[in-house]
Protein chains: 2
Amino acid sequence: MAKTAQNPVKSAETTFEVLDALKDLDGAGVTELAQHLGIPKSTVHNYLSTLEQEEYVVNRDGVYEVGLRFLELGAYARHREKLFEIAKPEVDRLAAETGELGNILVEEHGRGSYLYRARGDKAVQVKAHVGTRVPLHTTALGKAILAHMPAERVDAIVDRHGLGGEASKSISTRAELEQELADIRERGVAFDDEERLEGLRCVAAPVLNHDDEIIGAISVSGPTNRFRSDRFREELPQKVLEVANVIELNVTYS
Amino acid sequence: MAKTAQNPVKSAETTFEVLDALKDLDGAGVTELAQHLGIPKSTVHNYLSTLEQEEYVVNRDGVYEVGLRFLELGAYARHREKLFEIAKPEVDRLAAETGELGNILVEEHGRGSYLYRARGDKAVQVKAHVGTRVPLHTTALGKAILAHMPAERVDAIVDRHGLGGEASKSISTRAELEQELADIRERGVAFDDEERLEGLRCVAAPVLNHDDEIIGAISVSGPTNRFRSDRFREELPQKVLEVANVIELNVTYS
DNA sequence: ACCGCCTGTCCCAGATGTTTGAACAACTGT
DNA sequence: ACAGTTGTTCAAACATCTGGGACAGGCGGT
């Protein structure tokens with residue numbers, strides 16, 4: 001999985017370095033990009049003009065920016081995920097009924113990718129938007145996924161990405177992770193108690209296909225002051241599990 | 001605008017050819033892709049392994065597929081569009097109140113890119129999803145945009161992309177286009193009467209910034225049987241215009 | 001208006017990376 | 001067990017990318 005290409009096409013790598021820099025800088029000129037990347041500006045110019053020609057980058061009065069053609073590719077990639085199509089309406093319902101923020105996450109390359117986010121009427125404003133990628137062990141969604149993966153895949157992912165925590169409460173040893181995953185399997189749901197973001201709690205449930213393979217997870221998240229006692233420990237878990245079950249049924253018959 | 005790069009990085013072009021093919025084939029193996037592209041499979045393999053290493057492509061049991069990292073780039077590109085952030089809640093409202101399909105479109109590289117699509121409770125099922133790119137002159141949204149562009153930009157776009165119609169009713173001569181755009185400027189809204197899709201009508205309004213520059217357009221679309229007489233000619237246009245005005249106000253103060 | 005200074009763009013020769021067929025290994029289905 | 005797939009590797013030949021430098025155009029300052 002974590003294989004490195006034997007015969008990598010360096011220009012392809014550079015292409016994506018340019019795009020990533022364009023994203024990090026939130027749009028930039030040739031010179032600025034060249035300095036940021038540490039490569040000559042004539043080279044950067046070659047890449048940018050090629051990308052513009054292919055319509056993957058747009059030049060708005062002197063500033064190059066990531067183009068909407070990536071939205072085409074990205075929307076396609078999302079559309080291809082069975083889970084998205086099926087879970088979206090159910091997560092919309094989850095968000096509407098709880099008033100909170102509903103989420104869908106899937107694993108790819110050992111990381112979590114947010115497929116969708118539904119805002120209820122009281123939903124917290126979270127900076128991370130759709131497409132954001134996060135370490136699996138730092139969110140309830142990710143832990144719900146890890147809990148239902150074959151042990152060897154969990155090992156491979158931990159080996160590759162480590163257990164570096166974004167916040168203090170995060171899991172940081174293998175033993176802690178094992179214990180947590182066992183708890184999640186028993187309970188059926190995973191919790192996130194301000195592990196990734198201050199003041200934010202989250203309740204997640206895995207979504208399995210008919211062969212009991214994990215295909216993703218859904219969750220509701222909200223502020224600690226509304227996520228406490230019975231609502232956090234009983235009411236919301238039950239709700240999330242119910243929605244996950246509906247999704248699993250729909251996944252099976254499709 | 002339609003410039004071709006003087007010093008194109010051919011490998012970058014090839015990279016996107018591979019990705020496009022992956023999308024067209026909806027996932028494929030090395031050999032299949034190589035045949036589709038007419039290049040040796042060892043070359044294709046180099047690109048795919050590089051793309052996989054960079055996590056832009058994923059290999060699911062032998063089949064390479066477009067990865068969710070493009071969702072990250074795509075969501076970022078959309079997020080960067082001022083219009084999306086501001087217009088989304090209003091278009092949601094438009095869709096909810098009419099029960100139909102609400103849309104946001106912006107121009108890029110002389111084509112229209114759907115930024116967002118909101119489904120009301122009776123909304124028609126349309127195959128085109130977010131990110132889809134369409135010729136501007138074939139939709140009400142695109143015509144609303146063209147109608148408020150400087151004439152030279154309209155000329156440049158027509159020169160570049162032509163007036164090839166997807167359906168029989170489409171505009172096919174320059175004079176027809178000019179007339180249509182003048183009508184739209186006078187009326188304030190643009191109509192689409194089954195021009196692009198059979199049985200589908202659409203009412204669109206432009207969104208201008210405080211300098212009267214066009215930044216995009218919004219619309220509602222639905223089946224011909226619900227889009228007729230007064231509703232099509234009076235009620236919906238008024239509604240769409242009202243929403244567009246609200247968006248324009250919000251664009252100004254941001 | 002003039003002048004620096006800063007951009008983005010262009011060009012070409014040299015160096016580097018990319019391409020390619022062929023060979024191999026790993027599967028699949030018969 | 002076998003034939004016919006597939007994906008993967010390798011190294012040599014060559015096409016391509018790189019990168020310094022030169023150029024034009026724009027902007028702000030004096």
Side-chain angles (χ1 to χ4, degrees), chain A residues 1-67 109 152 156, chain B residues 1-22 24-67 109 152 156 211:
Chain A
M1 178 184 267
K3 261 185 307 190
T4 57
Q6 282 71 2
N7 222 358
V9 181
K10 217 178 166 190
S11 299
E13 295 176 357
T14 309
T15 303
F16 288 109
E17 278 172 27
V18 170
L19 286 166
D20 256 24
L22 223 44
K23 173 162 166 266
D24 289 346
L25 297 173
D26 206 39
V30 176
T31 307
E32 189 182 358
L33 258 184
Q35 283 170 352
H36 184 87
L37 292 168
I39 51 185
K41 63 176 182 173
S42 55
T43 302
V44 172
H45 181 261
N46 287 342
Y47 280 92
L48 286 175
S49 58
T50 306
L51 284 167
E52 188 186 14
Q53 183 188 356
E54 300 296 313
E55 303 188 358
Y56 283 98
V57 148
V58 69
N59 187 338
R60 286 185 188 168
D61 38 54
V63 177
Y64 286 94
E65 297 181 352
V66 176
H109 290 290
E152 65 267 20
Chain B
M1 179 184 263
K3 261 185 309 190
T4 56
Q6 281 71 3
N7 224 356
V9 181
K10 215 178 166 189
S11 299
E13 295 176 355
T14 309
T15 304
F16 288 108
E17 277 173 28
V18 169
L19 286 166
D20 257 25
L22 223 43
D24 288 347
L25 297 174
D26 205 41
V30 176
T31 307
E32 189 182 358
L33 260 184
Q35 282 170 352
H36 184 88
L37 292 167
I39 52 186
K41 62 176 182 172
S42 54
T43 304
V44 172
H45 181 261
N46 288 341
Y47 279 92
L48 285 175
S49 57
T50 306
L51 284 167
E52 188 186 14
Q53 183 188 352
E54 300 296 313
E55 304 189 356
Y56 282 99
V57 148
V58 69
N59 188 337
R60 288 186 187 167
D61 37 55
V63 177
Y64 287 94
E65 296 180 353
V66 175
H109 291 290
E152 65 267 21
D211 292 327

Trainee: Side-chain polar contacts of residues 21-33 of chain A - donor-acceptor pairs under 3.5 angstrom, sequence neighbours left out - could you list them?
Mentor:
{"from": "A:Asp26", "atom 1": "OD1", "to": "B:Tyr76", "atom 2": "OH", "distance (Å)": "2.5"}

Trainee: Backbone N or O of B:Val57 within a donor-acceptor pair of the A:His109 side chain at under 3.5 Å?
Mentor: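 Flag set: sc A:His109 to bb B:Val57 pair under 3.5 Å.
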Trainee: What do the steps show when you test B:Thr15 against A:Phe16 for side chain to side chain contact (heavy atoms under 4.5 Å, CB included), and what is the final call?
Mentor: CA-CA 10 Å; B:Thr15 304; A:Phe16 288 109; 3.9 Å; yes
Trainee: Output one letter per nucleotide in nucleotides 21-30 of chain C: B when a protein non-hydrogen atom lies under 4.0 Å from the base, S when only the sugar-phosphate is that close, - when neither is.
Mentor: B---------
Trainee: Would you jot down, in residue-number order, the residues of residues 5-20 of chain A having a non-hydrogen atom under 4.0 Å from DNA chain D?
Mentor: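 Heavy-atom contacts with DNA chain D come from A:Gln6, A:Asn7, A:Ser11.
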Trainee: Can you see if the side chain of A:His45 gets near the phosphate of C:dG8 - specifically, an N or O under 4.0 Å from OP1 or OP2?
Mentor: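 Result: no.
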Trainee: Mind checking which nucleotides bracket the chain B contacts on DNA chain D, 5' to 3', with an atom under 4.0 Å from a heavy atom?
Mentor: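 Contact span on the strand: D:dT6 to D:dG19.
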Trainee: What is the distance from OH of A:Tyr47 to P of C:dG17, rounded to the nearest Å?
Mentor: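 Rounded to whole Å, this separation is 11 Å.
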Trainee: What's the shortest heavy-atom distance between B:Pro8 and B:Glu13, and which atoms?
Mentor: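 Closest pair (atom of B:Pro8, atom of B:Glu13, distance): CB-OE2, 3.4 Å.
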Trainee: Identify each donor-acceptor pair in which a side-chain atom of residues 37-50 of chain B lies under 3.5 Å from a protein atom, sequence neighbours left out, and give them as a table.
Mentor:
{"from": "B:Ser49", "atom 1": "OG", "to": "B:His45", "atom 2": "O", "distance (Å)": "2.9"}
{"from": "B:Ser49", "atom 1": "OG", "to": "B:Asn46", "atom 2": "O", "distance (Å)": "3.0"}
{"from": "B:Thr50", "atom 1": "OG1", "to": "A:Val9", "atom 2": "N", "distance (Å)": "2.9"}
{"from": "B:Thr50", "atom 1": "OG1", "to": "B:Asn46", "atom 2": "O", "distance (Å)": "2.7"}

Trainee: Find which nucleotide of DNA chain C each of A:Gln35 and B:Val44 is nearest to by heavy atoms, and output the residue with the more 5' nucleotide.
Mentor: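 First, find each residue's nearest nucleotide; the 5'-ward one identifies A:Gln35.
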Trainee: Using whole Å, report how far CD of A:Glu32 lies from C1' of C:dT7.
Mentor: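 Rounded to whole Å, this separation is 12 Å.
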Trainee: Go through residues 54-67 of chain B and report each residue with a non-hydrogen atom lying under 4.0 Å from DNA chain D, sorted by number.
Mentor: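 Heavy-atom cutoff 4.0 Å gives B:Tyr64.
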Trainee: Quick one: A:Glu52 CD to C:dG8 P, roughly how many Å, whole number?
Mentor: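 Atom-to-atom, A:Glu52 to C:dG8, this comes out as 13 Å.
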Trainee: From A:Gln6 CD over to B:Gln53 CD, what is the distance, rounded to the nearest 0.5 angstrom?
Mentor: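 That separation rounds to 9.0 Å.
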Trainee: Find the distance between CD (B:Glu54) and CG (A:Leu19) and round it off to the nearest 0.5 Å.
Mentor: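 Taking CD in B:Glu54 and CG in A:Leu19, the distance rounds to 11.0 Å.
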